[in-house]
Amino acid sequence: MSAPESTTPFSIATWNVNSLKVRLPHLLEWLAEANPTVVCLQETKLEDHAFPTAEIEAAGYQVAFAGQKTYNGVAIVSRLPLADVVVGNPRFDDPQKRLISATVAAPDGDVRVVGAYFPNGQAVGSDKYAYKLQWLTALHDWLADELASHPRLALCGDYNIAPEDADVHDPVAWAGQILCSDPERQAFRDLIALGLVDAYRLFPQAERSFSWWDYRNLGFQKNLGLRIDHVLLSAPLAARCTAARIERHLRKKERPSDHAPVIATLG
DNA sequence: ATGCCCAATTGCATTGGA
């Protein structure tokens with residue numbers, strides 16, 4: 001037990017970086033500072049040939065990624081070996097790069113990590129909203145099978161869903177709006193019903209805790225945010241979870257992402 | 001009532017994000 005990873009507990013995180021090209025320095029700083037074991041990234045916005053593999057490997061992490069130009073793009077970076085990488089949902093033919101899964105060889109057993117960039121949906125009733133709901137249904141149905149074959153599973157990502165009013169800075173203004181509509185929240189509950197647990201809510205948290213703040217209108221400075229980035233753990237992993245937090249300070253850096261990382265520690 | 005910011009594109013405005 002002298003490996004470096006044994007000195008810090010296993011932890012798993014998610015972060016929508018809103019362009020990995022711009023945010024690579026932030027990521028490298030945060031990896032060194034917080035030493036997460038696994039990080040799921042969203043909105044890398046890089047084609048695979050442009051992924052900064054060498055820089056991230058130099059920081060002591062392995063990488064798996066699936067990207068495209070301009071939009072979307074997901075990745076998993078891990079201090080521990082990654083295996084069995086799967087891109088996308090085999091039940092949902094989707095040209096948009098929004099899903100990547102891999103098995104991480106954790107000290108006490110394998111963990112299946114699913115990194116997800118859920119569709120935004122743009123506006124309730126729009127074509128993009130219909131796509132979001134279809135995507136959510138397909139994710140749910142696929143995950144039911146994945147959980148059966150991988151009981152130790154974490155679903156980490158930018159869900160683009162604020163599950164409860166407590167996750168919204170102004171629940172009245174957002175009522176029924178995109179990210180907060182009943183069908184979206186029901187889809188979130190349907191994921192929970194598969195046996196997943198919202199790691200952040202396992203612990204007491206400050207009121208008005210958010211993971212995203214609009215770039216406009218001094219959204220961060222006024223804490224006008226939403227909690228839409230989540231780490232969901234299957235029961236065997238939730239039983240081992242000892243802490244969860246939002247890395248709010250990353251939103252204060254120069255040229256920040258509009259999202260902050262969420263990290264859960266498994267003791 | 002609406003935009004406000006940020007990133008990317010083959011750009012000199014538009015789209016998407018949330």
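In the text below, chain A, chain B and the rest are named by the order of the sequence lines, each starting its count at 1.
Using a 4.0 Å heavy-atom criterion, one finds that A:Asp214 contacts no nucleic acid atom at all. Residue contacts shown for A:Asn16 are limited to sugar-phosphate atoms, with no base heavy atom under 4.0 Å away. Within 4.0 Å of A:Asp158, counting heavy atoms only, lie sugar-phosphate atoms of the nucleic acid but no base atom. Residue contacts shown for A:Gln177 are absent, as no nucleic acid heavy atom lies under 4.0 Å away. Counting non-hydrogen atoms under 4.0 angstrom, A:Leu179 reaches the backbone sugars and phosphates but no base. Among the protein residues, A:Tyr117 comes within range of the sugar-phosphate backbone only, with heavy atoms under 4.0 Å from sugar or phosphate atoms but none that close to a base. Within the nucleic acid shown, A:Ile228 comes within 4.0 Å of sugar-phosphate atoms alone, with no base atom in reach, counting heavy atoms only.
Taking a pair to require two hydrogen-bonding distances under 3.5 Å in either a Watson-Crick or a G-U wobble arrangement, B:dA1 remains unpaired. The base-pairing partner of B:dC12, taking Watson-Crick or G-U wobble contacts with both distances under 3.5 Å, does not exist among the strands shown.
With B:dG17, B:dA7, B:dA18 as the candidates, the nucleotide lying closest to the side chain of A:Ser19 is B:dA7. Here the nucleotide nearest the side chain of A:His259, chosen from B:dA8, B:dA18, B:dG17, is B:dA18. Distances were taken from every side-chain heavy atom of A:Lys128 (C-beta onward) to each of B:dG16, B:dA18, B:dA8; the shortest belongs to B:dG16.
Using C1' as the reference atom, B:dG11 and B:dT15 are 12 Å apart when rounded to the nearest Å. As rounded to the nearest Å, B:dC12 and B:dA8 have C1' atoms that lie 15 Å from one another. Between the C1' atoms of B:dG16 and B:dA1, the separation comes to 22 Å (whole Å). Going from the C1' atom of B:dA7 to that of B:dA18 covers 14 Å, rounded to whole Å. Spacing between B:dT10 and B:dT14 at atom C1', rounded to whole Å, works out to 12 Å.
If you run ring pair (Phe, Tyr, Trp, His ring centres under 6.0 Å) between A:Phe118 and each of A:Phe188, A:Trp135, A:Tyr131, only A:Trp135 comes through.
Atom-to-atom, CZ of A:Arg216 to P of B:dC4 comes out at 7 Å; the value is rounded to the nearest Å. Distance OH (A:Tyr215) to P (B:dT15): 20 Å, rounded to an integer number of Å. Counting to the nearest Å, the P atom of B:dT15 and the CD atom of A:Gln122 are 11 Å from each other. Rounded to an integer number of Å, the gap from CH2 of A:Trp212 to P of B:dG17 is 13 Å. Computed from coordinates, the A:Glu43 CD to B:dA7 P distance equals 12 Å when rounded to whole Å. Between the CZ atom of A:Arg251 and the C1' atom of B:dA18 there is a distance of 12 Å, given to the nearest Å. Between A:Leu224 atom CG and B:dC4 atom C1' there is a gap of 13 Å when expressed in whole angstrom units. Taking atom CG of A:Leu218 as the reference point, atom C1' of B:dC6 lies 14 Å away to the nearest angstrom.
Side-chain N/O atoms of A:Glu43 and A:Ser19 include no donor and acceptor closer than 3.5 Å. Looking only at atom types and distance, the side chain of A:His259 has no donor-acceptor partner in the side chain of A:Trp213 under 3.5 Å away. Between the side chains of A:Glu184 and A:Ser181, at least one donor N or O sits under 3.5 Å from an acceptor N or O. A donor-acceptor pair shorter than 3.5 Å can be found between the side chains of A:Tyr215 and A:Asn18. A side-chain N or O of A:Thr103 and one of A:Arg112 form a donor-acceptor pair less than 3.5 Å apart. In this model, a donor atom of one side chain and an acceptor atom of the other lie less than 3.5 Å apart for A:Asp229 and A:Ser211.
Phosphate contact (OP1/OP2 of B:dC4, side-chain N/O of A:Asn217, threshold under 4.0 Å): absent. Listed pair A:Arg23 / B:dA7 meets the phosphate criterion, a side-chain N or O lying under 4.0 Å from OP1 or OP2.
Applying the 3.5 Å distance criterion, the base of B:dA18 shares a donor-acceptor pair with the side chain of A:Asn120. Contact annotation: side chain of A:Asp258 to base of B:dC6, donor-acceptor pair absent below 3.5 Å.
Of the residues near DNA chain B, A:Pro256 and A:Phe118, the one whose nearest nucleotide (by heavy atom distance) lies more toward the 5' end is A:Pro256.
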